[in-house]
Amino acid sequence: MRFRVEPFTGNPRFQRNLGILDEESMKRVADTHVLVAGVGGAGGQCAADLARLGFGWVTLADFDVYEIHNANRQIGSFDSTLGRLKIDVVGDMCQDINPELRIRKVAEGVTEDNVDSLLSGFDGKPVDYVVEAIDIVGARAKERLHQACRKRDVVIMTALMLGFGAALHVFQPDAPLYEDLYVLPDGRIDLPKIIPGLGGYVVQEYWDACFAGRGHAPTCVVGATTAAGMTVSEIMRAVLLGRDQMVSYPEYLYVDFFEHRYVRGSVTSA
């Protein structure tokens, strides 16, 4: 049997997405606006993935610049980019992937004063989905963004890089408030509560220090790419199937490739 394949009429950069997506689905993706808040490890990779899938609208919000310790996991971190704003580097990468991409770069990151403006979008196109990849020290910015998404009926998700894997949490507008779930009275993120598991290979003393608010959060490039892949895949489910088909709170996803683990769990059963 010979199969007839119609000529591809879309953007030739995304022709190889055809067969995973049909042309109608690709048009829906191209008409979707995603805000990526925090473009370091998971967020930077996520932005590039969105560009390669053909998303048409992206807002990048981050105030940070590249430092030498970002080199182990962040897509835009090179010796040549040290000291540069992450949104400029990642934004240039996304624009280079697809010059037709409509992109907005917000150099102050997420603040109490700009969350409504961020979600309002630009050029008349409001934000459809939010990727919250703000550093764990930015608990208050996380709170404000989650609150604003709830008011605007926007789905917000966060992916945590965990060793050779990641955990994904998706919050629909009717989910409990983020600060009620995961923010401690002193303003720190309750990491043990939001992290569903850690690989047996981890050096526990470093994680104990991180949980106590001291030292860095141990991360690596596999965690960053995994977190981005999980996040973008879940956005694709929402765009193609409807956001009620996302794995949303109280459910979560947890993957560890080193230990060959894949978990779809619920915080209510923990």
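Positions are given from 1, in the same order as the sequence printed here. Note that the coordinates shown come from a computational prediction; the quantities given were computed from them, not determined experimentally.
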Are the side chain of [X] and the backbone of [Y] linked by a donor-acceptor contact shorter than 3.5 Å?
X	Y	value
Arg28	Leu240	yes
Asp135	Val137	yes
Thr226	Ala166	no
Tyr254	Gly197	yes
Arg237	Gln245	yes
Gln172	Tyr249	no
Glu132	Ile156	no
Asp92	Val89	no

Any idea which heavy atoms bring [X] and [Y] closest together, and the distance?
X	Y	value
Pro196	His169	CD-NE2, 4.5 Å
Ala227	Ala42	CB-CB, 3.8 Å
His216	Tyr206	CE1-CD2, 4.1 Å
Tyr129	Ala238	OH-CB, 3.4 Å
Gly229	Asp49	N-OD2, 4.3 Å

Task: Path from Val58 to Met236 over hydrophobic side-chain contacts below 4.5 Å - done: yes

Task: Option from Val239, Val131, Leu168 for which side-chain contact (heavy atoms from CB on, under 4.5 Å) with Glu234 holds - done: Leu168

Task: Positive for side-chain contact (heavy atoms from CB on, under 4.5 Å) with Lys193, one of Ile189, Asp190, Ile195 - done: Asp190

Open item on the list: Check this for me: does any side-chain nitrogen of one of Arg243 and Asp153 sit under 4.0 Å from a carboxylate oxygen of the other?
Closed with: yes

Task: Check ion pair Arg188-Asp186 (N to O, under 4.0 angstrom) - done: yes

Task: Name of the residue among His146, Gln147, Arg144 meeting side chain to side chain donor-acceptor pair (under 3.5 Å) with Glu179 - done: Gln147

- [ ] Return yes if a side-chain donor-acceptor contact under 3.5 Å exists between Ser117 and Asn114, otherwise no.
- [x] no

